[in-house]
There are 2 protein chains.
Amino acid sequence: MNDVSPFKAATLHDVAKAAGVSLITASRALGNPGVVSAKTIEKVQAAVESTGYIPNLLAGGLKSKRSLMVGGIVPALSVSQFLPTVQALTTELAAAGYQLILGQTAYDAEREESVLNAMIGRQPDGIVITGLVQSQRARDRLRRSGIPVVETWDLSDRPIDMVVGFSHLKVGGALGGYFLGKGWKRIGIASGDDHRARMRRDGFQTTIGRELPTAFVPAPSSLELGRRALGQLLETDPELAAICCSSDQLAHGVIVEALARGLRVPQDLAICGFGNADFGAHTVPSISTVHVDGAEIGRLAAQLIVARCRGEAVAQPVIDVGFRIVERQST
Amino acid sequence: MNDVSPFKAATLHDVAKAAGVSLITASRALGNPGVVSAKTIEKVQAAVESTGYIPNLLAGGLKSKRSLMVGGIVPALSVSQFLPTVQALTTELAAAGYQLILGQTAYDAEREESVLNAMIGRQPDGIVITGLVQSQRARDRLRRSGIPVVETWDLSDRPIDMVVGFSHLKVGGALGGYFLGKGWKRIGIASGDDHRARMRRDGFQTTIGRELPTAFVPAPSSLELGRRALGQLLETDPELAAICCSSDQLAHGVIVEALARGLRVPQDLAICGFGNADFGAHTVPSISTVHVDGAEIGRLAAQLIVARCRGEAVAQPVIDVGFRIVERQST
DNA sequence: CTGTTAGCGCTTTCAG
DNA sequence: CTGAAAGCGCTAACAG
């Protein structure tokens with residue numbers, strides 16, 4: 001036995017020969033056992049064991065037009081907001097026999113297109129993408145590919161195909177209402193510079209009723225960027241009473257920096273995040289935030305894709321999973 | 001134009017017809033332009049544009065035995081230690097035209113095997129897996145598949161094929177030496193219950209020279225589990241002077257809980273983590289930890305796979321990326 | 001219930 | 001430099 005594969009991997013042909021049946025009968029025994037006699041199935045399964053056969057899904061997919069793969073596209077894996085979505089997506093898809101192909105766009109429209117092309121070329125049975133696809137070219141190409149597409153983490157009246165998410169404008173609006181209700185006047189914003197964070201900021205400012213001092217940080221945000229953002233904001237207005245952050249990482253950084261500067265949170269400075277990251281409930285003070293069920297988004301997206309692949313009609317191609325404000329100690 | 005794909009996606013056949021050349025010439029113009037005249041290439045490229053052709057990589061892979069896909073296997077995406085590795089792996093592979101297929105084992109040997117089978121069936125050109133594959137059955141199957149395999153985040157004299165990582169035993173030993181050097185006597189351990197965390201604990205205890213009170217938490221660890229772990233440890237020994245944690249998340253939780261109980265860190269309780277998560281440098285106090293270059297592991301793994309696929313011999317199939325202790329305020 | 005035939009879309013021979 | 005033929009490993013369609 002060598003380092004190089006000792007003998008060619010067994011094919012269905014080998015299995016059929018070992019079981020003494022025809023190729024197609026072996027195929028059916030494995031893929032559609034209902035139409036094959038129990039005795040035959042047994043023989044084929046024994047042959048599978050003895051040959052160590054693993055089906056070549058690429059070959060099967062070529063003929064059957066079902067690759068059993070689904071493309072998943074995120075800006076970057078390190079954007080932890082999307083992690084529960086990707087994780088749930090992967091798990092839910094695996095349970096149905098599908099595997100996820102991962103693509104990263106780095107928040108770059110060009111990369112997004114090239115990733116999409118690489119995906120389409122692999123004939124996935126579905127594509128799940130975080131956010132709405134921005135470029136019209138890509139939208140058209142995707143629509144014309146005929147592949148089921150689920151856009152996530154946002155909402156749209158005219159999705160490419162299906163969408164599972166929530167309204168960032170409404171999140172911003174709800175946060176604005178919450179800040180107004182608290183009576184805070186001097187309000188600042190620490191925000192990622194990506195599209196969705198900007199939408200939340202828009203909703204927030206609309207409800208507050210005016211432009212607010214904003215520290216933009218490059219996405220993906222982090223604790224470190226939060227610390228810096230507070231520095232910037234306090235230079236603009238040292239009397240700030242409350243800050244609305246576009247992520248819990250950012251909020252955490254703002255809190256750490258505020259405490260380091262001797263400010264009390266929330267008495268001197270109230271801070272709110274977004275995303276309900278798991279650490280937020282356990283910091284001191286704990287972080288008020290907006291909860292979105294990212295895992296549920298992933299599960300629903302997987303279900304939509306799987307349903308489509310089974311040829312079932314999807315009754316509800318636009319699913320709003322909503323959100324809720326989680327009040328903790330930092331406000 | 002309907003919801004269903006308006007016309008069948010263009011195939012290379014369509015491109016060839018549009019360009020007025022044979023199928024194979026079109027194929028070569030795209031895949032091996034060196035052997036085709038410039039004029040022909042131009043015609044073919046124009047035809048690609050006009051037809052919107054996207055190559056079917058599944059079909060190509062079936063014949064050429066190069067799927068341009070690489071399997072990546074992690075316990076769970078939420079284990080943030082591996083995130084930089086997966087991210088770098090995906091990016092580096094994408095640059096070489098490969099896409100990553102993701103698999104999650106949930107720290108479960110059975111799931112690991114089924115994930116491996118699902119991967120192998122998709123004929124990846126390589127498989128990168130976090131940790132060493134435990135089950136001998138899976139190791140054999142993987143070896144016999146002839147697929148290049150890189151095990152990561154650990155080290156072994158006898159990898160399945162290649163390995164990029166570092167010695168967890170040595171990390172534990174180095175931390176033990178560091179703790180001894182600080183003169184701490186009453187030492188506790190907060191550790192995930194996974195294989196690698198246990199190895200670090202073994203190395204740590206061996207250097208310290210005795211069994212230490214340990215709070216095991218189920219992997220993946222988190223800030224919350226760290227808070228609980230400290231509770232457990234202080235019940236065992238209220239006089240603990242230092243705690244060695246198997247992750248920065250855990251260390252962060254222990255710190256938060258210690259502060260909440262009125263303990264000063266590090267004066268009353270010194271705390272060390274592992275992994276050098278990005279938040280660790282910015283918490284108050286900042287977290288002493290062990291740095292491992294996870295992104296580098298991903299890049300190296302990708303390079304090994306790509307080199308193998310090009311038929312290059314890999315001179316160094318066991319790569320130790322090392323580690324270093326990062327001293328911060330928490331010790 | 002089982003088998004034969006054809007062909008998915010592409011690339012690798014082998015010939016010009 | 002270009003082409004024709006063959007077939008990767010599997011499954012859909014149609015027969016028995």
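Convention: sequence-line order gives letters A, B, ...; per-chain numbering from 1.
Between Asn32(A) atom CG and dT2(C) atom C1' the separation is 13 Å, expressed in whole Å. Put simply, CD on Gln123(A) is 16 Å from C1' on dC10(D), counting in whole angstrom units. One can place CG of Leu57(B) at 15 Å from C1' of dC8(D), the figure rounded to the nearest angstrom. As a whole-Å value, the separation of Asp14(A) CG from dC8(D) P is 12 Å. Distance CG (Leu68(B)) to P (dC10(C)): 14 Å, rounded to an integer number of Å. Protein atom CG of Leu23(B) is 17 Å distant from nucleotide atom P of dG7(D), rounded to whole Å. Ile24(A) has its CD1 atom 11 Å from the P atom of dC10(D), to the nearest Å. Look at CG on Asn56(B): it is 14 Å from C1' on dG7(C), rounded to the nearest Å.
Among the candidates Arg158(B), Arg139(B), Arg196(B), the single residue satisfying the salt bridge (Lys or Arg N to Asp or Glu O under 4.0 Å) test with Glu151(B) is Arg139(B).
Atom CG of residue Leu304(A) and atom CD of residue Glu312(A) lie 10.5 Å apart, to the nearest 0.5 angstrom.
Side chain of Arg28(B), nearest nucleotide from dC14(D), dT2(D), dC10(D): dT2(D). When each of dC10(C), dG3(D), dT2(D) is scored by its nearest atom to the side-chain atoms of Thr40(B), the top-ranked nucleotide is dT2(D). Checking dC10(C), dG3(C), dC8(C) against the side-chain heavy atoms of Lys65(A) singles out dC8(C) as nearest. With dT2(D), dG3(C), dC1(C) as the choices, the nucleotide that has an atom nearest any side-chain atom of Ser22(A) turns out to be dG3(C). Across dG9(D), dT2(D), dC8(C), the shortest atom-to-atom separation from the side chain of Ala59(A) is found for dG9(D). In the set dG3(D), dT12(C), dC8(C), the nucleotide with an atom closest to the side chain of Leu62(A) is dC8(C).
A heavy-atom distance below 4.5 Å is not found between the side chains of Val150(B) and Asp161(B).
Between Thr11(B) and dG9(C), a side-chain N or O to OP1/OP2 separation shorter than 4.0 Å is absent. The phosphate of dG3(C) has OP1 or OP2 within less than 4.0 Å of a side-chain N or O from Thr25(A). Regarding contacts with the backbone of dT2(D), a side-chain N or O of Ser37(B) is found under 4.0 angstrom from either OP1 or OP2.
Within 4.0 Å of Val36(A), counting heavy atoms only, lie sugar-phosphate atoms of the nucleic acid but no base atom.
A donor-acceptor contact shorter than 3.5 Å links the side chain of Asp14(B) to the backbone of Thr11(B).
Ranked by how close their nearest DNA chain D nucleotide is to the 5' end, Ser64(B) and Gly34(B) are led by Gly34(B). Each of Ala38(B) and Lys63(A) lies near DNA chain D, and the nucleotide nearest Ala38(B) is the one positioned closer to the 5' end.
Ionic pairing of Glu296(A) and Arg299(A) is present here: one or more N-O contacts between side-chain nitrogen and carboxylate oxygen are shorter than 4.0 angstrom.
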